Amino acid sequence: DFAAFLKGHDVRHIFFGHAHRTISGVWNGIGFSALPSLNHQLPLVGGAVETVYSDEPPMYAAVTIGGGMTVVHSDAFLDRRRARMARDAERGNWF
């Protein structure tokens with residue numbers, strides 16, 4: 001029903017939430033992104049924890065659209081710490 005509803009419209013990407021998990025892919029030729037939760041997440045693997053929800057880092061997403069592209073960045077902003085690697089293994093700034 002949803003595919004029929006979209007037919008004839010220039011839909012290039014679908015964003016949705018309430019999945020409490022970062023999910024992306026292509027459905028019927030349309031890219032899609034489910035954005036994570038700021039509260040709790042749903043485990044990717046059922047039964048991985050004893051509860052329905054899992055205590056994973058809260059995340060938000062920033063989306064850049066333009067120039068024929070869509071880029072979705074997820075940021076686990078409260079779970080940022082120094083990497084567990086030797087400082088001499090760093091290769092400078094990536095951006």
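Numbers for residues simply follow the sequence, beginning at 1. Remember, it's a predicted structure, so these values are computed and weren't measured experimentally.
- Within a 6.0 Å radius of CG in Asp55, other residues, nucleotides and ligands contribute 12 heavy atoms or fewer.
- When all heavy atoms are compared, the tightest approach of Val49 to Ser54 is CG2-CB, 4.2 Å.
- The nearest pair of heavy atoms linking Met59 to Thr22 is CE-OG1, 3.5 Å.
- A pairwise comparison of heavy atoms in Leu78 and Pro58 identifies CD1-CG, 3.7 Å as the closest pair.
- Of the inter-residue distances, the one linking Phe2 atom CZ with Lys7 atom NZ reads 15.0 Å to the nearest 0.5 angstrom.
- Few gaps surround CZ on Arg82; more than 12 heavy atoms of other groups in view lie less than 6.0 Å from it.
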Could you pull out every donor-acceptor pair under 3.5 Å between side chains of residues 27-36 and any protein atom, sequence neighbours left out?
residue: Ser33; atom: OG; partner: His13; partner atom: NE2; Å: 2.7

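- Between Phe15 atom CZ and Ile65 atom CD1 the span is 4.5 Å, to the nearest 0.5 Å.
- A donor-acceptor pair is defined here as one N or O able to donate and one able to accept, closer than 3.5 Å; such a pair exists between the side chain of His20 and the backbone of His40.
- Residues Phe16 and Val11 share a hydrophobic cluster, clusters being chains of Ile/Leu/Val/Met/Phe/Trp/Tyr side chains in contact below 4.5 Å.
- In this structure, CD1 on Ile23 lies 8.0 Å from CG on Leu44, to the nearest 0.5 angstrom.
- Distance alone, capped at 3.5 Å, is enough to place a donor-acceptor pair between the Ser37 side chain and the Asn39 backbone.
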